[in-house]
Amino acid sequence: MSKIEQSNIDLFPRETAAALTLLEAALAGHDASLEAALHIVPSKHALFKGRWQGAEAVFRIVLDKANLETASREFAELSRAWSYMQEPPLTVTQPLHFEPDSGVTVTAFAPGRGMLHHLWSLEANARIGPMNLAADWLHKFTLPTQEARKPNRRPWRTWAEAAAAKQTHEPLQKAEARVLQKMKKLYGQIDLPEWRVALAHGDFHLNNLHFHTGTVTGFDLGGTNHAPLYKDMARALVHMARRGMVPSGKRRFGVDAAAFEHYVQRFELIDVEENGFLPYFICFEALIKIEHPDMPKQRIEHALEMSEALFADMKQIT
């Protein structure tokens, strides 16, 4: 067993050491070796890099037994996705092994870096092509489970309103109050007997996609329930915009206009989806995020710019 490598994300040495001990015990008798601590969420889970049957792998161990069932469902979901997302350039991490008693998941190591980190490494005019691969990946991932269902918009509005009331930054409070007003008005305008749902990713943003030599690999597939198709799109779009990633230099509903348009084209959104459901969920994603009181000023400025642009476009449709 190699010593755990220290890193800027390994901020919990005792918890990491305890997780390592649990993981070693769970892997006893298997052809496995551990090399580096990758990430830990105390009392929830920890990730380590190592080798499984000689190949590079990532090991994830549950630190709270209450999450064993969730880990089992997530591995089943990854296995389902792997059945049709094995071939580059749009893939998921390969599931290798699951230990139901300990909640240890073993997956193949995905080389490369998070897509958002990759985009920041490129010149602005070279970002749009790679950025749009996120929409291509989501389309491939959701296509087998897409179906039409009666819309259920009310819970999303309720959750957004509750979150907006907890926003700690005064400039964002004011901007988000205006966005919430328009979200409520749009709620009353959307008139379609059904919307599209699919088995959702659950936390779809560009750093949950790895980019390596043209291949995009998705991981952290936490969703095992059907959700509105527009939810994952909005999550990715807002996550970028709140970090200042607007490669086209133009915005639509507060997010990058080129990325928005690519989702519209890839998913063949009809007008009520493009100008109703997707903006509705962009509002939701903008409001559900409660920024930490100590969040850097630049991040707050990005969030404020996005919310103000979102409100301006919402005024055109409500």
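- Put simply, the side chain of Glu147 reaches to within 4.5 Å of the side chain of His226, judged on heavy atoms.
- Met306 places a side-chain heavy atom less than 4.5 Å from the side chain of Arg251.
- Salt-bridge annotation for Asp203 and Arg235: present, with a side-chain N of the basic residue lying under 4.0 Å from a carboxylate O of the acidic one.
- Annotation: Gln86, atom CD; neighbour count of heavy atoms from other residues, nucleotides and ligands within 6.0 Å is above 12.
- At a threshold of 4.5 Å between non-hydrogen side-chain atoms, the residues Asn225 and Leu199 do not count as touching.
- No continuous path of hydrophobic side-chain contacts links Met314 to Val246 [ILVMFWY only; heavy atoms under 4.5 Å].
- Between the Glu194 side chain and the Arg149 main chain, no donor and acceptor come within less than 3.5 Å of each other.
- Between Lys289 and Glu176 there is no salt bridge, since none of the side-chain N atoms of the basic residue sits less than 4.0 Å from a carboxylate O of the acidic one.
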Take Thr217 and His212, measure what side-chain contact (heavy atoms from CB on, under 4.5 Å) needs, and give me the verdict at the end. CA-CA 8 Å; Thr217 303; His212 181 65; over 6 Å; no

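- Under the 4.5 Å side-chain heavy-atom criterion for ILVMFWY residues, a single connected hydrophobic cluster contains both Leu287 and Ile317.
- Val41 and Val104 fall into different hydrophobic clusters, where Ile, Leu, Val, Met, Phe, Trp and Tyr side chains are chained together by heavy-atom contacts under 4.5 Å.
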Take His45 and Arg60, measure what side chain to side chain donor-acceptor pair (under 3.5 Å) needs, and give me the verdict at the end. CA-CA 7 Å; His45 62 260; Arg60 184 179 189 270; 3.1 Å; yes

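- Val238 and Phe267 fall within a single hydrophobic cluster, where Ile, Leu, Val, Met, Phe, Trp and Tyr side chains are chained together by heavy-atom contacts under 4.5 Å.
- More than 12 heavy atoms of other residues, nucleotides or ligands sit less than 6.0 Å from atom CD of Glu301.
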Can Ile282 and Val255 be said to form a side-chain contact (heavy atoms from CB on, under 4.5 Å), step by step? CA-CA 9 Å; Ile282 289 175; Val255 301; 4.2 Å; yes

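- Sorted by first and then second residue, the pairs that involve residues 49-81 and meet ring pair (Phe, Tyr, Trp, His ring centres under 6.0 Å), not counting sequence neighbours, are His30-Trp52, Trp52-His97, Phe75-Phe98.
- For the pair Lys140 and Tyr84, the cation does not sit on the ring face, since its NZ or CZ is not both under 6.0 Å from the ring centre and inside 45° of the axis.
- For the pair Arg157 (side chain) and Arg153 (backbone), a donor-acceptor distance under 3.5 Å is absent.
- Salt-bridge annotation for Asp136 and Arg266: present, with a side-chain N of the basic residue lying under 4.0 Å from a carboxylate O of the acidic one.
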Under the salt bridge (charged side-chain N to carboxylate O under 4.0 Å, His left out) criterion, do Arg252 and Glu274 qualify, and how do the steps go? CA-CA 11 Å; Arg252 187 170 177 198; Glu274 178 181 353; 2.8 Å; yes

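- Counting only residues at least two apart or on different chains, no ring pair (Phe, Tyr, Trp, His ring centres under 6.0 Å) pair has a member in residues 297-318.
- Put simply, the side chain of Asn132 never gets that close to the backbone of His262: no donor and acceptor are under 3.5 Å apart.
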Test log, rule side-chain contact (heavy atoms from CB on, under 4.5 Å), inputs Leu63 and Lys44: CA-CA 5 Å; Leu63 302 178; Lys44 292 188 176 181; 5.8 Å; no

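- Ser72 places no side-chain N or O within donor-acceptor distance of the main-chain N or O of Leu68, the cut-off being under 3.5 Å.
- In this structure, the side chains of Thr91 and Trp137 stay at 4.5 Å or more apart for every pair of heavy atoms.
- Between Leu23 and Leu34 there is a side-chain heavy-atom pair separated by less than 4.5 Å.
- Checking Phe260, Phe284, Phe277 one by one against Tyr230, the ring-ring contact (aromatic ring centres under 6.0 Å, His included) holds for a single residue, Phe277.
- Ionic pairing of Arg242 and Glu285 is not present here: no N-O contact between side-chain nitrogen and carboxylate oxygen is shorter than 4.0 angstrom.
- With respect to Glu273 and Arg196, a salt bridge is recorded, a charged nitrogen being found less than 4.0 Å from a carboxylate O.
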Report the C-alpha separation of Phe281 and Trp156 in whole Å, then their side-chain angles, then the decisive distance to 0.1 Å, and conclude whether the ring-ring contact (aromatic ring centres under 6.0 Å, His included) test is met. CA-CA 8 Å; Phe281 278 96; Trp156 305 98; 5.1 Å; yes

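- At a cut-off of 3.5 Å, with distance as the only test, no side-chain donor of Asp64 or Ser43 sits close to an acceptor on the other residue.
- For the pair Arg73 and Glu77, the salt-bridge criterion is not met [side-chain N within less than 4.0 Å of a carboxylate O].
- Using a 4.5 Å heavy-atom threshold, the side chains of Met183 and Leu310 count as separate.
- Linking Ile, Leu, Val, Met, Phe, Trp and Tyr whenever their side-chain heavy atoms come within less than 4.5 Å leaves Leu27 and Val62 in two separate clusters.
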